[in-house]
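Worksheet for the structure shown next.
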Amino acid sequence: EVQLQASGGGLVQAGGSLGLSCAASGFAFDDRAIGWFRQAPGQEREGVACIHGKGPHTYVADSVKGRFSVSRDIAKNLVYLEMSTLRPEDTARYYCVHSVFGPQCPVPWYAAKLYTSWGQGTLVTVSS
């Protein structure tokens with residue numbers, strides 16, 4: 001069974017940093033592109049980042065560019081979302097998901113419908 005579990009969320013002050021992890025089971029990360037999405041209460045789901053299963057290619061949303069970065073450790077089957085200079089508007093539940101199209105980030109990479117295995121996510125709260 002394919003499962004993705006995001007972890008590492010918590011409460012952080014504005015300007016602080018936080019790192020999220022995504023653990024996979026049931027498949028190898030180099031077989032699937034991994035996306036990070038977030039959803040704040042009352043708002044639509046937003047694509048944050050995507051990383052190819054093979055090679056270094058990543059995509060990051062303009063809203064977090066320069067503050068967030070995505071990386072992976074294939075040996076550990078983990079994907080990371082490093083977040084810095086956090087803002088209150090970054091408060092949301094963060095999800096890691098995998099592309100339904102294999103190791104490349106889909107086009108457009110930020111389309112939630114092109115991903116699957118949405119778990120419970122991890123909550124990030126940024127206080128002002």
Side-chain angles (χ1 to χ4, degrees):
E1 181 184 4
V2 173
Q3 287 188 334
L4 290 168
Q5 181 63 52
S7 62
L11 175 64
V12 61
Q13 287 189 333
S17 300
L18 201 61
L20 304 183
S21 298
C22 177
S25 60
F27 72 99
F29 265 145
D30 58 353
D31 286 341
R32 314 280 176 96
I34 301 297
W36 283 98
F37 285 78
R38 66 185 182 184
Q39 188 166 24
Q43 296 189 19
E44 293 188 357
R45 201 167 283 177
E46 176 190 12
V48 176
C50 183
I51 183 167
H52 281 296
K54 301 181 189 296
H57 303 290
T58 63
Y59 301 89
V60 179
D62 288 343
S63 59
V64 303
K65 195 164 291 183
R67 301 188 297 121
F68 290 16
S69 64
V70 58
S71 61
R72 70 173 188 273
D73 186 330
I74 292 179
K76 295 182 179 179
N77 235 25
L78 290 171
V79 170
Y80 305 102
L81 183 69
E82 298 294 334
M83 308 182 294
S84 64
T85 321
L86 283 161
R87 305 167 181 169
E89 53 263 41
D90 295 320
T91 295
R93 184 166 292 275
Y94 285 71
Y95 302 86
C96 63
V97 289
H98 72 81
S99 168
V100 300
F101 295 111
Q104 291 190 331
C105 293
V107 178
W109 67 267
Y110 48 81
K113 65 181 180 180
L114 302 180
Y115 296 85
T116 188
S117 298
W118 296 85
Q120 294 185 339
T122 187
L123 182 62
V124 174
T125 303
V126 184
S127 63
S128 57

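These numbers come from the heavy atoms of this one structure, side chains and all, not from hydrogens, waters or symmetry mates. Remember, predicted model here, so these are calculated numbers, not experimental data.
For Lys54, the NZ atom sits in a packed shell: over 12 heavy atoms of surrounding residues, nucleotides or ligands are nearer than 6.0 Å. Few gaps surround OH on Tyr80; more than 12 heavy atoms of other groups in view lie less than 6.0 Å from it.
Judged by distance alone, with hydrogens and angles left aside, the side-chain atoms of Ser99 form no donor-acceptor pair with the main-chain N or O of Tyr115 at under 3.5 Å. Side chain of Thr122 to main chain of Gly9: a donor-acceptor pair is present (N/O by atom type, distance under 3.5 Å, no hydrogens or angles).
Here the side chains of Phe101 and Val107 are not in contact, with every heavy-atom distance at 4.5 Å or above. Counting only heavy atoms from C-beta outward, the side chains of Ile51 and Trp109 never approach each other to under 4.5 Å. By the 4.5 Å heavy-atom criterion applied to side chains, Arg38 and Val64 are counted as neighbours. The closest side-chain heavy-atom distance from Leu11 to Ser127 is below 4.5 Å. Using a 4.5 Å cut-off on side-chain heavy atoms (C-beta onward), Cys105 and Thr58 make no contact. Residues Cys22 and Trp36 form a side-chain contact, since some pair of their non-hydrogen atoms from C-beta on lies under 4.5 Å apart. Considering only heavy atoms from C-beta on, Ser63 stays 4.5 Å or farther from Glu89 through its side chain. Using a 4.5 Å cut-off on side-chain heavy atoms (C-beta onward), Leu20 and Val124 make contact.
In this structure, CZ in Phe68 is found 9.0 Å from OG1 in Thr85, a value given to the nearest 0.5 Å. The OG atom of Ser71 lies 9.5 Å from the CG atom of Leu78; values are rounded to the nearest 0.5 Å. Gln104 CD to His52 NE2: the interatomic distance, rounded to the nearest 0.5 Å, is 5.5 Å. Once rounded to the nearest 0.5 Å, the distance linking OG of Ser21 with CD of Gln5 reads 11.0 Å. Taking OG of Ser7 as the start and CD of Gln120 as the end, the distance is 12.5 Å to the nearest 0.5 Å. Note that CZ of Arg72 is 7.5 Å distant from CG of Asp30, once rounded to the nearest 0.5 Å.
Residue Val100 is grouped with residue Tyr95 when hydrophobic side chains (ILVMFWY) are merged at heavy-atom distances under 4.5 angstrom, including chains of intermediate members. When hydrophobic clusters are built by joining Ile, Leu, Val, Met, Phe, Trp and Tyr residues whose side-chain heavy atoms come closer than 4.5 Å, directly or via intermediates, Val48 is grouped together with Met83. The same ILVMFWY cluster, assembled from side-chain heavy atoms under 4.5 Å apart, contains both Val2 and Ile34. Leu81 and Tyr59 fall into different hydrophobic clusters, defined by Ile, Leu, Val, Met, Phe, Trp and Tyr side-chain heavy atoms under 4.5 Å apart, directly or through other members. Hydrophobic clustering (side-chain heavy atoms under 4.5 Å, transitive across Ile, Leu, Val, Met, Phe, Trp, Tyr) keeps Tyr110 apart from Val60.
The shortest heavy-atom contact between Pro106 and Cys50 is CD-SG, 4.4 Å. Summarising the geometry of Ala40 relative to Ala92, their closest heavy-atom pair is N-CB, 3.8 Å, with the distance given to 0.1 Å.
A ring-centre distance under 6.0 Å is found for Phe37 and Trp118.
Between Phe27 and His98, the ring planes lie tilted relative to each other; the angle falls in the 30° to 60° range.
For the pair Arg87 and Asp90, the salt-bridge criterion is not met [side-chain N within less than 4.0 Å of a carboxylate O].
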